[in-house]
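Worksheet: one structure, shown below.
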Amino acid sequence: MKVIISGGGTGGHIFPAIAIAQELKRRNRATEILFVGARGKMEMEKVPQAGFEIVGLDVLGFNRISIWKNFSLPVKLLKGIYQAFAVLKKFKPTIVVGVGGYASGPTLFMAQRMSIPTVLQEQNSFAGKTNKLLGKRAKTICVAYPGMERFFPKNKIVLTGNPVRQDLKDLDNKKAEAAIYFGLDSNKATVLVMGGSLGARTLNETMASNEKIIEANPHIQWIWQYGKQGISQYQNKNLGLQGQVTSMPFIDRADLAYAMADVVLCRAGALTISEILITEKPAILIPSPVVAEDHQTHNANALHEAGAAILIRDEDARTQAIPRIIELLNHTELIQRMKAAQAKLAKPEAANAIVNEIQRISEAAA
């Protein structure tokens with residue numbers, strides 16, 4: 001079997017894609033896998049680090065902040081489609097898997113027109129426009145939430161969940177190692193703050209503007225991922241609270257961060273949602289208001305309504321999030337209820353279920 005996995009742009013697309021590739025290789029080492037990403041995006045670094053080959057397309061996503069930057073979008077899209085055609089013709093995949101992100105649109109668009117079977121992995125509870133269009137010709141759409149027949153043909157939908165990194169599935173006995181890794185006290189309550197691989201300005205400003213409250217609660221310690229965008233402002237500052245706050249642009253050992261955390265403060269991207277469900281970490285979710293179709297709010301609402309997380313709006317985060325975290329840490333009964341709700345929603349075998357679909361469709365097409 002020869003498989004192309006296309007997508008990326010953020011960790012939310014890249015790490016599930018890598019989890020799928022790893023499961024494919026686990027089942028059959030002879031499977032050939034090629035990633036197709038967007039040139040200049042983080043997948044061009046993270047995928048080779050995971051041991052897989054990747055090629056990059058010259059594609060861009062729609063810029064929702066600076067509209068004038070979208071003038072070159074049609075030209076880039078046409079170029080990306082041509083490049084995708086060249087990659088498909090050369091590699092000759094048995095099947096193409098789209099995980100979302102800039103590169104998945106051109107790659108799956110061309111694959112479908114070349115009569116190559118395609119599988120979509122829709123990570124969010126609200127499907128984007130590109131995936132809705134691609135879903136019409138896809139053989140199967142693997143989804144993480146029920147009710148997705150609003151967006152896709154019902155007979156093509158398989159509820160699989162979102163794949164997460166294998167090392168997050170077993171956090172037992174990692175807390176002591178985590179405390180050493182982050183330079184924290186294993187006996188203190190710990191809050192993990194992360195806004196994704198690029199960072200989140202709201203979460204960073206929430207931490208910075210609540211320094212006095214954080215300092216007034218020395219029994220609580222913090223792991224703070226401020227992201228690539230926060231390097232110039234927050235690198236090595238730790239809010240001046242050395243020993244209580246450990247900050248960094250990117251957390252390379254996510255397993256140790258989750259092992260250490262008692263509560264998570266985060267955005268509501270699909271990958272983050274899946275990780276907190278798998279690790280059963282009570283969470284306060286601050287959905288980003290500037291993402292396609294406001295999908296993070298839909299993701300967060302799904303957990304909030306199930307009692308698996310607390311939802312705070314972006315505009316309220318700076319004043320409400322930190323006090324709410326402190327309140328939650330003192331509410332043992334609520335924490336246990338949230339963990340129980342998360343356990344019901346978690347799908348730890350998502351990668352396995354998705355690869356089952358990939359193999360089924362490949363065999364049918366042979």
Side-chain angles (χ1 to χ4, degrees), residues 1-9 13-39 43-44 46-48 50-57 59 80-123 127 130-144 152-153 155-163 166 349-366:
M1 188 162 55
K2 298 180 73 173
V3 184
I4 280 181
I5 302 177
S6 184
H13 298 302
I14 298 163
F15 295 118
I18 291 172
I20 293 169
Q22 289 171 335
E23 177 61 19
L24 282 164
K25 280 291 191 180
R26 187 192 67 79
R27 294 192 188 191
N28 188 348
R29 300 299 301 176
T31 299
E32 294 182 52
I33 299 172
L34 176 67
F35 280 77
V36 179
R39 196 164 290 162
E43 59 264 27
M44 304 307 292
K46 297 298 179 185
V47 169
F52 296 99
E53 183 183 352
I54 186 168
V55 295
L57 306 182
V59 289
I81 289 173
Y82 175 78
Q83 290 173 330
F85 171 74
V87 171
L88 291 162
K89 193 171 182 181
K90 181 180 180 181
F91 187 73
K92 296 180 174 60
T94 313
I95 191 167
V96 177
V97 182
V99 296
Y102 303 134
S104 65
T107 308
L108 269 77
F109 175 83
M110 279 312 307
Q112 290 173 349
R113 275 142 193 83
M114 295 168 71
S115 299
I116 301 168
T118 58
V119 172
L120 283 182
Q121 200 253 318
E122 174 54 63
Q123 298 156 359
T130 301
N131 270 2
K132 282 190 279 187
L133 289 171
L134 294 170
K136 295 174 182 178
R137 293 194 179 193
K139 296 294 184 182
T140 291
I141 301 107
C142 299
V143 301
F152 303 114
N155 63 321
K156 295 183 178 183
I157 295 172
V158 180
L159 182 62
T160 60
N162 286 326
Q166 187 66 35
E349 298 304 319
N352 182 61
I354 292 167
V355 171
N356 285 344
E357 292 300 308
I358 293 170
Q359 288 188 324
R360 179 180 66 81
I361 291 164
S362 295
E363 290 166 3

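Computation of the quantities below employed the complete heavy-atom set of this structure, encompassing side-chain atoms and omitting hydrogens, waters and symmetry-equivalent molecules. The residues of the chain are indexed from 1 along the displayed sequence. Predicted, not measured: the structure shown is a model, and the values here were computed from it.
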Whether Ser6 side chain and Val36 backbone form a donor-acceptor pair below 3.5 Å: yes
Glu23 side chain near Ile354 side chain, heavy-atom distance below 4.5 Å: no
Verify, without hydrogens or angle tests, whether Lys90 (side chain) and Val87 (backbone) share a donor-acceptor contact under 3.5 angstrom. no
Return yes if some donor-acceptor pair links the side-chain N/O of Arg27 with the main-chain N/O of Asn352 below 3.5 Å, else return no. yes
NZ (Lys139) with more than 12 external heavy atoms under 6.0 Å: no
Any donor-acceptor N/O pair, Gln112 side chain to Leu134 backbone, under 3.5 Å: yes
With sequence neighbours excluded, tell me which residues meet ring pair (Phe, Tyr, Trp, His ring centres under 6.0 Å) with Phe52. Phe35
Mind listing the closest non-hydrogen atom pair of Phe152 and Gly135 along with its distance? CD2-CA, 4.2 Å
All heavy atoms of Gln121 vs all of Asn131, minimum pair found to be O-ND2, 4.4 Å
Is it possible for you to check whether Lys2 lies under 6.0 Å from the centre of the six-membered ring of Phe91, through NZ or CZ, and within 45° of that ring's axis? yes
What closest approach, in Å, do Lys156 and Lys136 show between heavy atoms, and which atom pair accounts for it? NZ-O, 2.7 Å
Check: Ala144 main-chain N/O paired with Asn162 side-chain donor or acceptor under 3.5 Å: no
